[in-house]
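Step one of this worksheet: look at the structure below.
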Amino acid sequence: MTPPHLPPRQFLLTAQPGIRVVVRYRIQDGLTDALGYLVTTTESSCTVRTRTSDVDIPLALVIAAKEVPPPPPRRGRP
């Protein structure tokens with residue numbers, strides 16, 4: 001896992017695509033999170049693949065970001 005002490009922008013710029021991340025960023029009415037796999041990062045934005053879609057996030061709006069462990073295995077049907 002990537003060291004957690006990097007500022008969010010620096011973390012995202014140096015993180016390897018494919019790692020699972022959570023990114024907290026500003027939206028019009030407050031804050032929201034994107035949880036998923038980092039697809040790509042440019043100097044101005046990052047893309048996180050969530051369960052439902054790819055989310056493009058301007059780095060200027062990011063207030064926190066970190067690597068997270070893989071999701072737990074899904075339970076089988078009883």
Side-chain heavy atoms nearer than 4.5 Å, only ILVMFWY residues, links allowed to pass through others: does that put [X] and [Y] together?
X: Ile19; Y: Leu6; value: yes
X: Leu61; Y: Val48; value: yes
X: Tyr37; Y: Ile57; value: no
X: Leu13; Y: Val55; value: yes

Side chains of Ile63 and Pro8 in contact at under 4.5 Å (non-hydrogen atoms):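 With C-beta onward as the side chain, the pair stays apart.
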Side chain to side chain donor-acceptor pair (under 3.5 Å) partners for Thr47, two or more places apart: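 Expected list: Asp56.
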Counterpart residues, side chain to side chain donor-acceptor pair (under 3.5 Å), relative to Arg9 (two or more places apart):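 So Arg9 forms a side chain to side chain donor-acceptor pair (under 3.5 Å) with Glu43.
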Arg24 side-chain N/O to Asp33 backbone N/O, donor-acceptor pair under 3.5 Å: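 Looks like no, no N/O pair under 3.5 Å.
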Side chain to side chain contact (heavy atoms under 4.5 Å, CB included) involving Thr32 - partner list, sequence neighbours excluded: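 If we apply the side chain to side chain contact (heavy atoms under 4.5 Å, CB included) test to Thr32, skipping adjacent residues, the hits are Tyr25, Ile27.
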Audit row: Val21, Lys66, side-chain contact (heavy atoms from CB on, under 4.5 Å) steps and yes/no: CA-CA 6 Å; Val21 296; Lys66 67 179 181 177; over 6 Å; no
Closest non-hydrogen atom pair, Gln16 against Leu38: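 Result for this residue pair: O-CD2, 4.0 Å.
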Heavy-atom pair of closest approach, residues Val39 and Arg49: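 So the two residues come closest at CG2-CB, 3.7 Å.
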Distance, nearest 0.5 Å, that separates CZ of Phe11 from CG of Leu59: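 Phe11 CZ to Leu59 CG: 11.5 Å, rounded to 0.5 Å.
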